[in-house]
> 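First the structure, which I've put down as structure tokens, then a few questions once you've had a look.
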Amino acid sequence: MAFTRITAAEAAALVKNGDNIAVSGFTPAGTPKAVTAEIAKIAHAEHEAGRPFKIGVFSGASTGQSCDGVLAEEHAIKYRAPYTTNPSFRKLVNKGEIPYNDIHLSMMAQELRYGFIGPVDWAIIEVCAIEPDGKVYLTAAGGIAPTAARLARKGIILELNAFHSTKSIGLHDVYEPLDPTNRKPYAIEKPSDRIGEIFLQIDPKKVVGVVECNIPDEARDFKGSDPVTDTIGANVAHFLMADVKAGRIPTSFLPLQSGVGTTANAILAALGNNPEVPDFDIYTEVLQNAIVDLMRKGRVKTASTCSLTVTNDVLQGIYDDIDLFKDRLVIRQSEISNNPEVIRRLGVIAINTAIEVDIYGHANSTQICGTKMMNGIGGSGDFERNAYLSIFTCSSVAKGGMISSIVPFCSHVDHTEHDVNVIITEQGIADLRGKSPMERAKEIIENCAHPDYKQLLWDYLKIADKGHSCHKLSAAFAMHDTFLREGDMHLTDFASYVH
């Protein structure tokens, strides 16, 4: 059937106050940009006229300024899930204006299907090609697109974005699992295995219109590495190769997952540049510039991801050299890329970044001083809880040394001590495997804490009440409290908190 072409403004006008939209894409590759920007304009006009206008937004992960950003700035979001990185959105979440649900990314699509977080009214899906029978071809990410399209009760809006080359057709492995009690095992035994289709099949009758556009992805260009991130990367490479030599990691190596950001890129570059590290596979949720570079060099053999979270020049390079990547790169839905059972079966080594870790091995990857949301948990919990090796990295200090990233007790816990094997900073490596809480505390303080804070952390242990894990509850957050009051954790006086 022939689909009706409509403008972005006409598509946006279909979305009414109180509706929920579900969008394609993932951090922020492959997210719709034309229609959501027009929805923000409607919200502005409605608010100017004194009328309410807010919508719920469901996605695979973060979107960009033309979705999360503009909708937040127009105070048009009534609910949002899951992960997001937009600063305008973050500001309003931390002011208490936007109800934000920080869901593990592997669970987002199924929680929509289970009816846990409300109905989907509209699906807005970015595609690079459309066939009359409803086969559509996604762009740079998998996300939750199949579930969004199937559940949309009012209709589907397709953004046909010419920025994305049709050469990318064939990269995707589109698969939506059945729900319990009918779910089948995923037949993925190596990162390059495929279990689905290269297209997303939608019901043509649900398509209310096609919006043609040519808008680049809103990719973030992370700052380059520095001596701290380079040292962290070298420490990770050193630790992994020591485990290979000790027989704890197969000599053929294991698939790697790495989080998003400068530190993640530095770690991957360090591994790729280490001649002792064998060529390896990637099983991850986001594929960054460093991985693409390593694929071109032959250091990364194959890569499975949910998103091409790369700069636009690198993305166009993939499209231009598609023959190099088409048999080595797979783009999946987030509930497959982040599936706990697959991660555990493949023996993925997970490497993610923490905001802070405490002396017993809990990790905080989402909240500043326990109250201010940074970005959300993303997929780090999916991978770290189920990894062959669970590694968290961070610099030992932040804010010019005024904050220690190693603290007595995390101000917010996303990953418990039970899920963390190794902590690595630029100071060194804390291998927590097989250690009791007090043994972990000594390992972390001695090997990972900055020299300016080591004695302060030892002082905390001296005043802590004895037990399986030693704590003085009245002083457990003293370093955070001192920073909030004085702007410098160095000034902590634990004695004043003991009562």
Side-chain angles (χ1 to χ4, degrees), residues 29 140-142 165 167-173 188-194 198 219 221-222 224-225 229-230 232-245 249-332 337 342-343 346-351 383 387-389 391 393:
S165 173
K167 293 179 181 178
S168 64
I169 292 174
L171 292 180
H172 281 269
D173 185 42
I188 300 173
E189 297 180 8
K190 57 183 183 301
S192 59
D193 282 343
R194 292 174 172 270
I198 63 172
D221 190 1
F222 297 104
S225 63
T229 57
D230 286 343
I232 292 172
N235 286 344
V236 171
H238 173 77
F239 171 79
L240 292 177
M241 290 317 299
D243 252 32
V244 171
K245 292 174 183 176
I249 294 176
T251 55
S252 58
F253 218 51
L254 290 167
L256 294 181
Q257 176 266 341
S258 183
V260 183
T262 301
T263 302
N265 265 324
I267 290 168
L268 289 165
L271 290 168
N273 292 331
N274 188 325
E276 295 185 339
V277 177
D279 297 343
F280 54 92
D281 296 303
I282 295 288
Y283 192 86
T284 191
E285 59 182 348
V286 288
L287 187 141
Q288 295 193 103
N289 286 8
I291 299 176
V292 177
D293 182 55
L294 292 174
M295 292 184 77
R296 290 185 180 279
K297 294 176 180 178
R299 295 291 278 131
V300 168
K301 297 181 291 184
T302 63
S304 170
T305 187
C306 181
S307 170
L308 301 180
T309 310
V310 297
T311 54
N312 283 324
D313 60 328
V314 172
L315 181 61
Q316 290 302 327
I318 293 173
Y319 294 158
D320 291 342
D321 298 331
I322 197 64
D323 288 343
L324 174 66
F325 292 97
K326 65 181 179 181
D327 294 326
R328 300 170 57 201
L329 178 60
V330 183
I331 305 175
R332 307 185 191 276
S337 68
V342 175
I343 292 165
L346 296 181
V348 175
I349 297 171
I351 310 167
F383 281 91
Y388 184 96
L389 260 176
I391 301 172
T393 65

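Note that this is a predicted model, so its numbers are computed, not measured.
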> Which atom pairs, donor and acceptor, lie under 3.5 Å between side-chain atoms of residues 258-272 and protein residues at least two apart or in another chain?
| from | atom 1 | to | atom 2 | distance (Å) |
| --- | --- | --- | --- | --- |
| Thr262 | OG1 | Lys223 | O | 3.0 |
| Asn265 | OD1 | Ala290 | N | 3.2 |

> Measure the CD1-OG distance between Ile331 and Ser304 for me, rounded to the nearest 0.5 Å.
9.5 Å
> Kindly indicate whether the side chain of Ile291, heavy atoms from C-beta on, has any atom under 4.5 Å from the side chain of Val310.
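They are not in side-chain contact.
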> Which distance, rounded to the nearest 0.5 Å, do you find between the OG of Ser165 and the CG of Leu315?
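Here the interatomic distance stands at 9.5 Å.
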> Could you give me the CA-CA distance, side-chain angles and deciding distance for Leu254 and Leu389, then say whether side-chain contact (heavy atoms from CB on, under 4.5 Å) is met?
CA-CA 10 Å; Leu254 290 167; Leu389 260 176; over 6 Å; no
> Are Leu294 and Ile282 side-chain neighbours, meaning at least one heavy-atom pair lies under 4.5 Å?
no
> Would you give the length of the straight line joining atom CG of Asp173 to atom OG of Ser337, rounded to the nearest 0.5 angstrom?
11.0 Å
> Could you tell me the separation between the NE2 atom of His238 and the CG atom of Asp243, rounded to the nearest 0.5 Å?
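Going from the NE2 atom of His238 to the CG atom of Asp243 covers 10.0 Å.
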> Which atom names give the shortest non-hydrogen contact between Asp323 and Lys326, and what distance separates them?
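Closest approach of Asp323 to Lys326: OD1-NZ, 3.5 Å.
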> Under 4.0 Å between a Lys/Arg side-chain N and an Asp/Glu carboxylate O for Arg296 and Asp293?
no
> Could you walk me through whether Leu308 and Val314 satisfy the side-chain contact (heavy atoms from CB on, under 4.5 Å) test, starting with their C-alpha distance in whole Å, then the side-chain angles of each, then the deciding distance to 0.1 Å, before giving a yes or no?
CA-CA 9 Å; Leu308 301 180; Val314 172; over 6 Å; no
> Does any N or O in the side chain of Asp281 come within less than 3.5 Å of the main-chain N or O of Pro255, such that one atom is a donor and the other an acceptor?
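No: the side chain of Asp281 does not pair with the backbone of Pro255.
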> Sequence neighbours left out, what passes side chain to side chain contact (heavy atoms under 4.5 Å, CB included) with Asn235? Give chain and number order.
Thr231, Ile424, Ile429
> Test Ile249 against Leu240 for side-chain contact (heavy atoms from CB on, under 4.5 Å), laying out the working first.
CA-CA 8 Å; Ile249 294 176; Leu240 292 177; 3.9 Å; yes
> Specify the closest pair of heavy atoms between Arg332 and Pro191, including all atoms of both residues, with the distance to one decimal.
NH2-O, 2.7 Å
> Side chain of Arg194, backbone of His172: donor and acceptor closer than 3.5 Å?
yes
> Using side-chain heavy atoms (C-beta onward) and a distance below 4.5 Å, is Gln257 in contact with Ile343?
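No, too far: nothing below the 4.5 Å cut-off.
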> Only one of Leu256, Val330, Thr302, Val348 clears side chain to side chain contact (heavy atoms under 4.5 Å, CB included) with Tyr283; which?
Val348
> Find the distance between CD (Gln288) and OG1 (Thr311) and round it off to the nearest 0.5 Å.
10.0 Å
> Please check if the side chain of Thr305 supplies one atom and the backbone of Leu287 the other of a donor-acceptor pair under 3.5 Å.
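Here the side-chain-to-backbone pair exists.
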> Please name all residues satisfying side chain to side chain contact (heavy atoms under 4.5 Å, CB included) with Asp279, sequence neighbours left out, ordered by chain then number.
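Partners of Asp279 under the side chain to side chain contact (heavy atoms under 4.5 Å, CB included) test: Arg299, Lys301.
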> To the nearest 0.5 angstrom, please state how far the CZ atom of Phe383 sits from the OG1 atom of Thr284.
5.0 Å
